[in-house]
Amino acid sequence: MIVNNSLDEVKKRENALSIIKNIVGSAGRSSLFDLTGLSGGFIASPSELSLLETYVGPAIFEEALQKVGVEHMGGDKVIPLNRTSSGILATILTIVNKDSNVVHYLAELPAHPSIPRSCALVGANYSETDKFDEFSIPENTSLVVITGSTMDHKVIDEDEFKKVIEMAHEKNIPVMVDDASGARLRTVIFNQAKACDLGADIAITSTDKLMPGPRGGLMAGCEDLIDEIKVKVNQFGLEAQPPAVLAMLNGIKNFSEDNLINSLERKDELFELLNSNFENFEKTPTGVMITPQGLSKEINIKHNLSDDDLAFVFSFILLRDHGIITIPAVSMPGASATIRFDLSTEDAFKLNLNDLNKKIESSFKKLQKAVSNEDECREIVFIS
Ligand SMILES: *Cc1c(COP(=O)(O)O)cnc(C)c1O
């Protein structure tokens, strides 16, 4: 095993960032292709930048974000947050009591780790399921959670979404929706309604997923609950700071549904190309992916690596040799190790799909060569 714990994950991420820095330094930003679907954009004009002071910034940009954010998310009011995880933590700190139950329905396990971790922090009993027939709300439940679109972009069925909200509201239990990518994926590609319009009390989205905004979270919901949560957000320093708020505002304003829709055709083309060499790629709503288990099935050489390790090594080879950024190399601890090639971001439109296919194929050949040598794999992941 190569990546065994959260510390290893922090170390591999440091290495990935150092590889990225070297590529930018030697060949320029145009030699990197960020296919994570998380763009971390920062759109801002010089006159806006000059207003980024501690109190002037929020006065101008948080005000403007209220209108644009509510249009994007629904609900009465929004709070800009440092990350989606911060919003999840703040909501759980506000609503969930020790020893109460939190139940979570999502299209496919697992949930984002911030949800079970936040529940553990307050001493709640947490359970999650992806089987709708098995979902129920026990006595003493303080919060029902729904994930709109999972880390691997599995999207919930809208009828099930509505039914879970109905079941919760019959018992007067609030519903929090983790709509990190779902706020755009569900609505644009699957024509679903906004979470707040479906009745969610709280919905949180990630402002750099499938939109040109910064890493950050945007929470929307009914005003009373939002105000209560905002107290915790401020008490624990979970709020977004003025530069992120400005970039969120402009990210939402520049969000293009067309990029998501145009990626649909290109993903079919890439999927066909990959299928001449691989059997375990799958389509996502805006690209293709291979799970760690799928990757493991493609390898026909004896080795001792875990499935996740294979994904980490593959992700690092793609980065090192071709400047292709995928999530496993750069992710935070606990994130999914699935390799996703998202075709909806700016960098993806610069890539010729035949070239991308060849780059994936040649990286895979290098992975095959490396797997039987664990020391070499460790070097690929941890040493740039
Ligand atoms: C990305 C993601 C999160 C966490 O977002 P951060 O901004 O990294 O905190 C939570 N839930 C889901 C489903 C996600 O995809």
Side-chain angles (χ1 to χ4, degrees), residues 70 73-79 81 84-150 154-180 182-183 186-187 190 192-205 217-233 238:
V70 165
M73 294 293 287
D76 310 327
K77 188 171 178 180
V78 295
I79 316 178
L81 303 146
T84 297
S85 301
S86 321
I88 288 168
L89 173 62
T91 304
I92 289 172
L93 285 175
T94 307
I95 297 179
V96 177
N97 300 320
K98 189 166 183 292
D99 296 328
S100 70
N101 297 307
V102 174
V103 289
H104 183 181
Y105 179 66
L106 67 173
E108 187 181 78
L109 300 179
H112 189 269
S114 60
I115 300 170
R117 280 178 192 150
S118 300
C119 287
L121 201 63
V122 298
N125 307 310
Y126 171 79
S127 67
E128 60 189 34
T129 181
D130 55 10
K131 297 190 178 59
F132 184 70
D133 296 339
E134 288 172 18
F135 177 80
S136 64
I137 303 177
E139 286 298 299
N140 192 25
T141 295
S142 52
L143 178 68
V144 169
V145 183
I146 298 172
T147 289
S149 161
T150 67
K154 282 277 175 343
V155 170
I156 189 173
D157 175 273
E158 197 180 36
D159 287 332
E160 292 178 353
F161 200 139
K162 288 183 198 158
K163 280 190 197 129
V164 172
I165 290 181
E166 226 171 81
M167 287 166 72
H169 286 175
E170 263 167 28
K171 300 188 173 188
N172 284 323
I173 300 166
V175 176
M176 171 182 81
V177 176
D178 175 357
D179 228 5
R186 285 191 312 101
T187 55
F190 292 80
Q192 295 186 10
K194 296 175 171 63
C196 291
D197 292 347
L198 290 172
D201 300 275
I202 290 295
I204 312 165
T205 195
L218 184 68
M219 178 191 290
C222 32
E223 183 151 8
D224 292 350
L225 191 51
I226 286 279
D227 285 343
E228 258 183 79
I229 296 171
K230 194 166 182 181
V231 173
K232 289 283 181 216
V233 164
L238 304 171

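Index from 1, following the sequence.
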What side-chain donor-acceptor pairs closer than 3.5 Å can you find for residues 165-176, not counting sequence neighbours?
{"from": "His169", "atom 1": "NE2", "to": "Asp201", "atom 2": "OD2", "distance (Å)": "2.8"}
{"from": "Lys171", "atom 1": "NZ", "to": "Ile137", "atom 2": "O", "distance (Å)": "2.7"}

Pairs under 3.5 angstrom only: tabulate donor-acceptor contacts from the side chains of residues 103-119 to other protein residues two or more places apart or in another chain.
{"from": "His104", "atom 1": "ND1", "to": "Tyr126", "atom 2": "OH", "distance (Å)": "2.8"}
{"from": "His104", "atom 1": "NE2", "to": "Thr147", "atom 2": "OG1", "distance (Å)": "2.7"}
{"from": "Tyr105", "atom 1": "OH", "to": "Glu160", "atom 2": "OE1", "distance (Å)": "2.5"}
{"from": "His112", "atom 1": "ND1", "to": "Ser114", "atom 2": "N", "distance (Å)": "3.1"}
{"from": "His112", "atom 1": "ND1", "to": "Ser114", "atom 2": "OG", "distance (Å)": "2.7"}
{"from": "Ser118", "atom 1": "OG", "to": "Ser114", "atom 2": "O", "distance (Å)": "2.7"}

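The shortest side-chain heavy-atom distance between Ile204 and Ile88 falls under the 4.5 Å cut-off. The shortest side-chain heavy-atom distance between Val102 and Ile92 does not fall under the 4.5 Å cut-off. Proximity of Ile156 to Gln192: side-chain heavy atoms (C-beta onward) are separated by under 4.5 Å at one or more points. When side chains are defined from C-beta on, Leu225 counts as touching Ile95, because their heavy atoms get closer than 4.5 Å. Using a 4.5 Å heavy-atom cutoff, the side chains of Lys163 and Phe135 are not in contact. For the pair Asp130 and Thr150, the minimum side-chain heavy-atom distance is 4.5 Å or more. Looking at heavy atoms from C-beta onward, Ile146 lies out of side-chain contact with Asp179 at the 4.5 angstrom threshold.
The SG atom of Cys196 lies 10.5 Å from the CE atom of Met219; values are rounded to the nearest 0.5 Å. Considering CG of Asp178 and CD1 of Ile202, their distance stands at 13.0 Å, rounded to 0.5 Å. Note that NZ of Lys230 is 10.0 Å distant from CG of Leu81, once rounded to the nearest 0.5 Å. Leu238 CG to Leu93 CG: the interatomic distance, rounded to the nearest 0.5 Å, is 7.5 Å.
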For Val145 and Glu128: C-alpha separation, side-chain torsions, deciding distance, then whether side chain to side chain contact (heavy atoms under 4.5 Å, CB included) applies. CA-CA 9 Å; Val145 183; Glu128 60 189 34; over 6 Å; no
Trace of the side chain to side chain contact (heavy atoms under 4.5 Å, CB included) decision for Ile79 with Ile226: CA-CA 7 Å; Ile79 316 178; Ile226 286 279; 3.6 Å; yes
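Nearest heavy-atom pair, Ser100 versus Ser142, reported as atom, atom and distance to 0.1 Å: OG-OG, 2.7 Å. Heavy-atom minimum distance, Lys194 versus Met73: CD-C, 3.7 Å. Listed here is the closest heavy atom pair of Val96 and Ala124: CG1-CB, 3.4 Å. Taking both residues in full, the closest heavy atoms of Ala203 and Ala195 are given as CB-CB, 3.8 Å, listed atom of the first, atom of the second, then distance. Of all heavy-atom pairs between Ile229 and Ala90, the closest is CG2-CB, 3.8 Å. Taking each heavy atom of Glu158 and Leu198 in turn, the nearest pair found is OE2-CD2, 3.8 Å.
Between the side chain of Thr205 and the backbone N or O of Ala180 there is at least one donor-acceptor pair closer than 3.5 Å.
Sorted by first then second residue, the salt bridge (Lys or Arg N to Asp or Glu O under 4.0 Å) pairs that include residues 93-104, not counting sequence neighbours, number zero.
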